[in-house]
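Letters A, B, ... are given to chains in the order of the sequence lines, protein chains preceding strands, and every chain is numbered from 1.
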Amino acid sequence: MTIDQVYFYLDNNPGELVEVLRLFAREGIDMRAYSVAENNEYGVFRMIVRDPGAALEALRRGGIDAAKNRVLGIVVPDEPGGTVRAFEALSQAGINVRYSYAFAMARLGKAFIILRVNDNAKAAEILAAAGVQLVGNSDIF
Amino acid sequence: MPTERYFQPEIETASRDCLHAVQSGRLVKMVQNCYGNVPFYRQKFDELGLAPGDIRSIDDLQKLPFTNKQDLRDTYPYGLFAVPKERLARIQATSGTTGRQTIVGYTPGDVQRWSEGSARALAAAGCTKDDYVHISYGYGLFTGGLGLHYGAELLGATVIPMSSGNTKRQVQILQDLGSNFLCCTPSYATLIGETLAEMGVDPKGLPLRGGVFGAEPWTDAMRSEIERLLDIKAYDIYGTAEVAGPGVSYECGAREGLHICEDYFYPEIVDPDTLLPLPDGEYGELVFTCIGKEALPLLRYRTRDITALVREQCSCGRTLVRMRKPKGRSDDMLIIRGVNVFPSQVEHVIVEQGFTPNYLIEVERKGNMDTMTVLVERMITDLPGEVESAAKRLQGAMLSTLGISVEVKLVGSKHLPRSEGKAVRVVDKRVL
């Protein structure tokens with residue numbers, strides 16, 4: 001099970017992000033999670049949205065080069081030590097996490113984590129074997 | 001592999017002896033026309049002590065004087081025309097790529113022969129009378145639009161005369177009317193392909209089968225990109241307005257060089273500095289003598305395009321001599337810190353390294369030092385570290401291919417101009 005992630009670049013100037021967020025508002029793009037990473041002249045915006053296809057189209061119509069890929073989504077208990085089991089399992093299998101971002105759903109007592117690895121299938125297998133719950137796009141909306 | 005199609009097999013596959021006879025006959029007639037009707041040429045002949053009767057066959061070609069772009073400018077607009085106005089059927093102009101436009105003219109026979117070249121090109125690309133030919137070259141004084149238009153009509157195909165611009169509408173028409181062949185500049189073909197993707201149109205679902213692209217130099221790497229974006233086979237077509245227009249030479253199914261319509265446009269390759277002929281296979285300046293033209297019969301016209309001739313028999317069965325894809329124009333060539341650089345070489349490296357062939361070369365002089373910056377559209381990946389390392393790789397590949405160090409800047413696509421006609425690839429800010 002994987003999650004579709006949409007990503008694009010933004011120039012590192014004041015106002016660039018606002019313009020994109022206005023576009024999202026206009027086009028009704030519903031985000032569940034996002035992360036912005038800075039990289040000198042530009043930033044990488046990565047996000048999990050309800051309808052990745054529509055988001056891609058909206059971004060391209062807005063003149064922004066966007067693409068999507070598949071990442072892993074896991075749900076862990078929202079408590080100290082809740083996250084470590086998943087990462088331990090991956091590390092023991094020699095799987096490198098390229099980046100990760102997360103948010104907690106306090107009311108449900110759970111945390112939702114996005115993981116970018118090189119081999120989704122292998123990582124998913126290891127996580128499942130370690131008893132970590134994997135989720136798809138529809139599970140979080 | 002479908003069987004090779006010819007529009008005029010009797011000439012396209014004629015014996016070399018037959019071609020020699022045709023060429024010789026036309027050259028003799030053309031020289032009389034030049035001497036009798038163009039004072040510019042009469043004066044040149046007289047200066048050289050050359051009489052029209054001295055030219056008895058195509059083998060005497062090298063006795064003739066050269067013509068260059070400046071001669072057309074000096075005699076602007078009609079000075080080199082050999083026929084009176086009442087015999088003219090059409091005026092066109094050069095695209096003005098390298099400065100002020102010059103004017104060219106055609107008799108009805110010239111239009112017919114030019115159209116034959118363009119029809120041969122379409123047929124060689126697999127186009128038939130049953131196809132819809134979508135023409136997105138600009139119409140007007142530029143020869144691209146009308147050149148392919150007349151060629152497609154002569155072939156018996158159905159023309160969709162779109163002209164360039166309004167790219168979304170182009171895609172709409174490709175879909176709605178079921179165009180089978182696309183004709184435009186290669187850079188515009190790329191833009192149409194990208195627009196297809198943006199609009200969510202799957203090229204595999206379109207009846208589009210092939211494309212005939214020209215009017216600017218392009219690389220095999222760009223061909224692959226166009227073929228991927230549009231899901232077609234892409235063919236090169238060459239021409240310059242001074243000689244006729246698109247259809248002077250064209251690719252066949254083998255796509256190993258462009259067959260020259262040498263029954264109308266006789267080619268030579270010369271050293272651009274000494275003007276001495278170069279042996280087959282060597283790169284030099286392409287020169288044409290318009291043995292099939294009445295209105296503007298240019299003798300040994302220097303195109304400034306850099307290419308080589310190939311005389312070996314082609315697997316397609318045509319006997320017409322081939323020219324390699326032009327590397328560029330001698331006046332496109334940049335001299336950076338004493339090293340010759342063609343934009344087409346830069347493009348080749350860019351695509352080879354996995355970037356899209358949308359780029360801009362900026363040349364500046366800082367102090368006494370030329371600097372060349374290549375702006376390339378950055379790839380979209382969720383791992384920006386990969387972009388940085390790809391940029392470093394690209395910089396390394398530029399150094400090893402071009403022999404000079406180049407600054408590579410990866411930018412968003414909106415920072416690079418998109419072209420509907422001939423792409424602007426070089427901005428030279430040096431004040432020399």
Audit row: B/Val427, B/Val363, side chain to side chain contact (heavy atoms under 4.5 Å, CB included) steps and yes/no: CA-CA 6 Å; B/Val427 178; B/Val363 186; over 6 Å; no

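Sorted by first then second residue, the ring-ring contact (aromatic ring centres under 6.0 Å, His included) pairs that include residues 106-139 of chain A, not counting sequence neighbours, are A/Phe103-A/Phe112.
Across every non-hydrogen atom of A/Ile126 and A/Ala93, the tightest pair is CD1-CB, 3.2 Å.
Partners of A/Ala123 according to the side chain to side chain contact (heavy atoms under 4.5 Å, CB included) rule, which considers only residues two or more places apart in sequence or in another chain, are A/Leu72, A/Leu90, A/Ile95, A/Val117. Partners of A/Arg85 under the side chain to side chain contact (heavy atoms under 4.5 Å, CB included) rule, at least two apart in sequence or in another chain, do not exist in this structure.
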Between these two chains, chain A and chain B, I want each donor-acceptor atom pair under 3.5 angstrom written on its own line with its distance.
from: A/Tyr9; atom 1: OH; to: B/Met379; atom 2: O; distance (Å): 3.3
from: A/Tyr9; atom 1: OH; to: B/Thr381; atom 2: N; distance (Å): 3.1
from: A/Tyr9; atom 1: OH; to: B/Thr381; atom 2: O; distance (Å): 2.7
from: A/Asp11; atom 1: OD2; to: B/His415; atom 2: NE2; distance (Å): 2.8
from: A/Asn39; atom 1: ND2; to: B/Glu388; atom 2: OE2; distance (Å): 3.2
from: A/Tyr42; atom 1: OH; to: B/Glu388; atom 2: OE2; distance (Å): 3.2
from: A/Arg46; atom 1: NE; to: B/Asp382; atom 2: O; distance (Å): 3.2
from: A/Arg46; atom 1: NH2; to: B/Asp382; atom 2: O; distance (Å): 2.9
from: A/Asp65; atom 1: OD1; to: B/Ser413; atom 2: OG; distance (Å): 2.8
from: A/Asp65; atom 1: OD2; to: B/Ser413; atom 2: N; distance (Å): 3.2
from: A/Asp65; atom 1: OD2; to: B/Ser413; atom 2: OG; distance (Å): 2.8
from: A/Asn69; atom 1: ND2; to: B/Asp382; atom 2: OD2; distance (Å): 3.0
from: A/Tyr99; atom 1: OH; to: B/Asp382; atom 2: OD2; distance (Å): 2.4
from: A/Arg116; atom 1: NE; to: B/Asp382; atom 2: OD2; distance (Å): 2.7
from: A/Arg116; atom 1: NH2; to: B/Asp382; atom 2: OD1; distance (Å): 3.2

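Only the backbone of A/Ala66 comes within contact range of chain B, with at least one heavy atom under 4.5 Å from a heavy atom of that chain.
Heavy-atom contacts from other residues, nucleotides or ligands closer than 6.0 Å to CD of A/Glu79 number more than 12.
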